[in-house]
Amino acid sequence: MNNEMKDIVSLAKRRGFIFPSSEIYGGVEALWDYGPLGAATKQNIKDAWISRFVREQDSMVLIDAAIIMHPAVWKASGHLENFTDPLIECKTCNARFRADHMMDGRFVGQGEAKEKNQCPNCGDRDFTQPKDFNLMFKTFLGPVEDSANTAYLRPETAQAMFTDFKLVQESMRLKLPFGIAQIGKSFRNEITTGNFTFRSREFEIAEAEFFVRPGEDEKWFEYWLDQWEKFFVDMGLNPKKLRRYEHPKNSLAHYSKRTVDIEYEFPFGWSELGGVANRTDFDLRQHEKASGKDLSYLDEESGKKIIPYVIEPTLGIERLLLALLLDSYRVVKGGRSTTTKSVKEEEVMLDLRPQIAPVKVAVFPLLRNKPELVSKAREIFEELRKHFACQYDETGAVGRRYRRQDEIGTPFAVTVDFETLEQGSVTLRDRNTMEQERVQITQLKDVISKRLKA
Ligand code: GAP
């Protein structure tokens with residue numbers, strides 16, 4: 001792991017963003033717990049996504065479907081047969097890898113192969129033939145563990161949008177084009193994991209299935225690709241670190257006519273953040289065939305029954321969070337605060353957009369041993385926390401408290417000092433400019449609200 005990644009992994013753990021799952025037992029590979037700040041940041045990303053792609057759209061609705069679906073879903077969707085990666089095993093050390101990663105020399109999290117086709121674990125070159133390994137996690141419904149009761153943890157959220165297509169369309173009286181969106185946990189038993197949270201076995205997908213008239217699919221594909229890319233930029237990612245990757249026809253997923261990934265330049269190379277796929281009418285037709293239920297749509301324009309085409313924009317919440325942490329991480333040598341005297345000292349700041357930052361406002365009394373400052377600061381904190389995610393801190397010098405907040409990306413800090421008691425004003429400090437201005441307590445909530453939206 002390179003230094004850039006190490007810095008983020010360390011900050012994420014130290015400051016309560018991301019921990020290894022079940023760490024007291026040594027952790028579990030590719031499973032992560034999101035601590036208080038990680039959970040809050042993820043929630044902010046999801047809220048921003050829902051606001052942009054559901055609330056602000058004319059024709060998008062949100063669902064929250066069960067993670068375990070009828071097993072027949074995965075047969076019809078093609079996942080039982082096709083949702084596989086080619087698995088190979090090193091005959092010398094028995095380490096297992098994805099054959100396609102072996103071919104191009106990518107061994108995410110498992111050391112670096114010196115050359116292609118070389119085991120990164122022991123260096124040998126003798127492997128078993130690739131065999132298809134299905135990535136879906138199996139479980140059983142009910143108390144009997146047999147094949148008749150086998151069920152799967154969903155590897156994508158999309159299928160519920162197809163199986164519920166008719167129910168949603170009729171109950172909400174939707175007309176084409178319209179979309180069904182969902183954010184939810186998905187599970188993949190990845191062969192090769194690593195690069196921190198990038199390739200996890202449990203993660204959240206935010207995606208939409210946008211149903212359109214056949215023939216209008218290519219136009220809508222371009223529309224969603226632009227919207228998706230814009231979302232990443234608006235979340236704060238550097239546009240120079242984003243690019244599109246058009247999947248060659250021969251490597252498209254079994255359901256796709258066209259897929260374009262949006263990639264981010266991670267420290268370990270350009271890798272997928274999200275993408276847009278043209279799933280055509282594949283899924284609805286498959287489910288119609290397998291369930292025997294009519295999944296057509298009566299098109300009022302033509303008076304004909306049609307099976308809509310589907311454009312699917314998708315993204316991984318944890319991958320976006322990882323990209324945002326990497327992209328916003330700043331180290332300022334020589335210090336930003338007045339208390340940092342040594343030129344060797346480094347201060348870390350997360351330059352997160354206010355909308356995404358887990359804490360919006362920190363509130364401090366200038367001195368903790370002055371009860372009148374502490375009680376005023378607590379009073380202001382109690383009021384502000386009704387409106388914003390706030391943290392109260394009275395420990396250590398004020399400069400150090402500012403730095404602790406900079407490190408987690410808090411955009412604003414309010415300090416209560418002696419002038420507060422006399423004039424009813426506080427200092428409001430801006431994370432990026434470090435400027436402090438005096439604001440009347442009566443104006444504070446409105447001023448912060450306005451700045452958060454700016
Ligand atoms: N319904 C389409 C679909 O699932 P995908 O590209 O396989 O498409 C969607 O997955 C998104 O989920 C990806 O763009 C990626 O951001 C994220 N993702 C996929 N596998 C992941 C993993 N193992 N860990 C974390 N995120 C993952």
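Computation of the quantities below employed the complete heavy-atom set of this structure, encompassing side-chain atoms and omitting hydrogens, waters and symmetry-equivalent molecules. Numbering of ligands and ligand atoms starts at 1, following listing order.
Judged as a salt bridge (charged side-chain N to carboxylate O under 4.0 Å, His left out), and not counting sequence neighbours, the contacts of Arg243 are Glu263.
Classification of Asp299 and Arg213 as a salt-bridged pair holds, one side-chain N sitting under 4.0 Å from a carboxylate O. Lys240 has no carboxylate O lying under 4.0 Å from a charged side-chain N of Glu265, or vice versa, which leaves the two without a salt bridge.
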Derivation of the salt bridge (Lys or Arg N to Asp or Glu O under 4.0 Å) call for Lys257 and Glu218: CA-CA 10 Å; Lys257 171 178 155 185; Glu218 285 170 20; 3.1 Å; yes
Atom pairs, nitrogen or oxygen, ligand 1 to protein, under 3.5 angstrom:
residue	atom	partner	partner atom	Å
ligand 1	1 (N)	Glu156	OE1	2.6
ligand 1	1 (N)	Glu207	OE1	2.7
ligand 1	1 (N)	Glu207	OE2	3.4
ligand 1	1 (N)	Glu312	OE1	3.3
ligand 1	1 (N)	Glu312	OE2	2.9
ligand 1	4 (O)	Arg188	NH2	2.9
ligand 1	6 (O)	Glu272	OE2	2.9
ligand 1	7 (O)	Arg188	NH1	2.8
ligand 1	7 (O)	Arg188	NH2	3.0
ligand 1	10 (O)	Arg188	NH2	3.4
ligand 1	14 (O)	Glu272	OE2	2.6
ligand 1	16 (O)	Leu273	O	2.8
ligand 1	16 (O)	Gly316	N	3.0
ligand 1	20 (N)	Arg188	NH1	3.4
ligand 1	23 (N)	Glu190	OE2	2.8
ligand 1	23 (N)	Ser200	N	3.4
ligand 1	23 (N)	Ser200	O	2.8
ligand 1	24 (N)	Phe198	O	3.2
ligand 1	24 (N)	Ser200	N	2.9
ligand 1	26 (N)	Arg319	NE	3.3

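Inspection of the Thr157 and Glu207 side chains reveals an N or O donor paired with an N or O acceptor under 3.5 Å.
If you run ring-ring contact (aromatic ring centres under 6.0 Å, His included) between Trp228 and each of Phe210, Tyr223, Phe53, Phe221, only Phe53 comes through.
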